[in-house]
Amino acid sequence: MNVFDFLIRNRTEVLQLTLEHLTLVAVAMAVAVLIGVPLGIVLTRRPGLRRWVLGAANVMQTVPSLALFGFLIPVPVIGGIGGRTAVVALTLYALLPIIRNTYVGISGVDRAVVEAARGMGMTGGQMLWQVEIPLSMGVILAGIRVATVISVGVATIAAAIGAGGLGVYIFRGVAMVDNQVILAGAIPAAVLAVLADVSLGWAERRLTAR
Amino acid sequence: METEAQPSSAVECRNVWYRVDGGRALLSDLSLQVHRGETLVLLGRSGSGKTTTLKLINRLLEPTAGEVLVDGCRTVDWDPIRLRRRIGYVIQDVGLLPHWTVERNVGLVPSLEGWEPERIRARVEELLRLVGLEPGQFASRLPRELSGGQRQRVGVARALAADPPILLMDEPFGALDPVTRAELQREFRELAARLGKTIVFVTHDVREALLLGARIALLADGKLVAIHPPRDFLRALEPEVQAFVRALGDPVRE
């Protein structure tokens with residue numbers, strides 16, 4: 001029996017696991033963007049915080065993903081077995097590229113443009129929304145795109161802590177020593193990652209101010 | 001803001017010092033007045049404090065000591081946003097917003113001030129014509145679709161948009177080729193005479209200073225060396241002035 005037969009025969013389960021997978025990634029990314037972009041903007045205003053925040057986000061990235069899931073299980077409120085813990089881990093993982101790209105993007109806006117905007121009498125908020133964010137949109141979106149693709153991959157490990165997703169097939173396949181079952185998880189996950197990359201890349205090109 | 005007791009000078013610096021974080025003084029004890037409606041040129045070598053002086057006027061910087069007055073009121077007492085919106089600002093790199101069309105760039109301050117869209121559009125057209133750009137042809141272009149000279153014209157139009165009584169210009173023609181520069185200088189002189197604005201114009205080009213200034217203030221190492229009308233400037237005795245006059249090579253005569 002080849003992988004595609006397997007996928008077709010189990011299409012309800014495949015679909016359900018894919019949806020679980022997507023939900024994990026979507027929720028984690030939404031939270032990571034809501035935290036990471038404002039945090040990146042704050043760093044451009046308070047450079048003193050930069051070392052600490054980027055350092056902390058860096059540490060999150062360095063921890064192997066399976067270990068990160070493991071660490072979170074005993075943590076009260078956000079921990080435990082299941083989807084919530086997985087979302088927290090994915091969010092922590094996604095923060096670094098988002099914070100860093102927001103910070104780099106906004107700091108990289110041409111100083112002459114910013115100075116002129118200030119000299120024209122724009123308020124801090126007007127400069128942020130009308131000048132700095134539009135001009136760094138491409139870089140910020142690139143960070144979100146990288147973070148999303150990473151999340152799709154890391155989310156396969158969420159199955160290890162009972163959060164579901166396409167990782168369920170991968171772990172089951174490993175346990176059964178059945179390559180087909182492993183691939184039935186890995187192939188859809190890879191397809192999701194490619195789709196996420198392509199669609200966010202498209203959005204990046206559409207929304208980038210030139 | 002126009003009160004009954006209008007001060008005679010639109011801008012005045014009184015014993016202004018500016019230091020960066022307590023370090024070297026970029027300006028030392030600078031005092032000068034800009035009369036209402038005149039074009040005062042700030043001339044000096046690189047690093048002489050010309051640009052610093054401009055930024056003190058629209059409060060992009062605040063003096064370490066002394067005071068800068070705009071319309072008789074200390075800049076630190078002005079609301080910086082209100083102050084900047086009544087002072088047009090043109091800089092060498094123009095600083096046009098690269099993601100906005102010419103129309104939106106020129107209409108920037110009016111739209112910040114909450115003008116009606118039709119009024120902004122009419123004003124933008126008027127200004128583009130004033131600086132010699134056909135609105136139908138240029139209004140919808142992006143800055144990168146313009147030549148250097150055209151961008152600089154747009155920069156001037158933007159600075160004039162909300163009809164500010166004061167204009168600050170920081171080497172606005174510095175990056176242009178000589179032919180375009182001469183063209184814009186000539187047009188600018190006519191425009192300045194017609195509009196009657198108070199203009200503070202920064203340059204390191206003595207030729208430009210002589211051509212455009214009603215008076216020329218020469219700065220060196222953050223100090224005011226001399227202030228003269230162009231005619232007297234050529235005959236002035238201060239060594240730094242003479243250094244600049246010599247740099248002319250063949251002095252311009254009328």
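Throughout, a chain's letter reflects where its sequence line sits, starting with A, and its residues are numbered from 1.
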Spatial distance of atom CE (A:Met122) from atom CG (B:Leu97) [nearest 0.5 Å] = 6.0 Å
inquiry  = Side chains of A:Met120 and B:Arg158, heavy atoms from C-beta outward: is any pair under 4.5 Å?
reply    = yes
query = What heavy-atom pair brings B:Leu60 and A:Gly119 nearest, and what distance separates the two atoms?
reply = CD2-N, 4.0 Å
Show me the donor-acceptor pairs, under 3.5 Å and distance only, between side chains in residues 56-72 of chain A and residues at least two apart or in other chains.
residue : atom : partner : partner atom : Å
A:Gln61 : NE2  : A:Tyr93 : O            : 2.4
A:Thr62 : OG1  : A:Asn58 : O            : 2.5
A:Thr62 : OG1  : A:Val59 : O            : 3.4

request  = Could you pull out the closest heavy-atom pair between B:Ile81 and A:Gly121, with the gap in Å?
outcome  = CG2-O, 3.3 Å
key: Gap separating the NE2 atom of B:His99 from the CD atom of A:Gln130, nearest 0.5 angstrom   = 8.0 Å
ask   = What pairs with A:Arg51 under side chain to side chain contact (heavy atoms under 4.5 Å, CB included), at least two apart in sequence or on another chain?
value = none
query = What are the residues of residues 102-126 of chain B, in order of number, with any heavy atom under 4.5 angstrom from a heavy atom of chain A?
reply = B:Leu108, B:Val109, B:Leu112
key: chain B interface, residue from A:Val131, A:Val109, A:Asp110 that has the most non-hydrogen pairs under 4.5 Å   = A:Val131
ask   = Looking only at heavy atoms, which two atoms of B:Gly95 and A:Ala116 are closest? And how far apart?
value = O-CB, 3.6 Å
remark   = Between B:Arg84 and A:Arg118, the two heavy atoms sitting closest are CD-O, 3.0 Å
query = What residues of residues 45-53 of chain B sit under 4.5 Å from chain A when you count only heavy atoms?
reply = none
key: Heavy atoms from other residues, nucleotides or ligands near CZ of A:Arg45 exceed 12 (cutoff 6.0 Å)   = yes
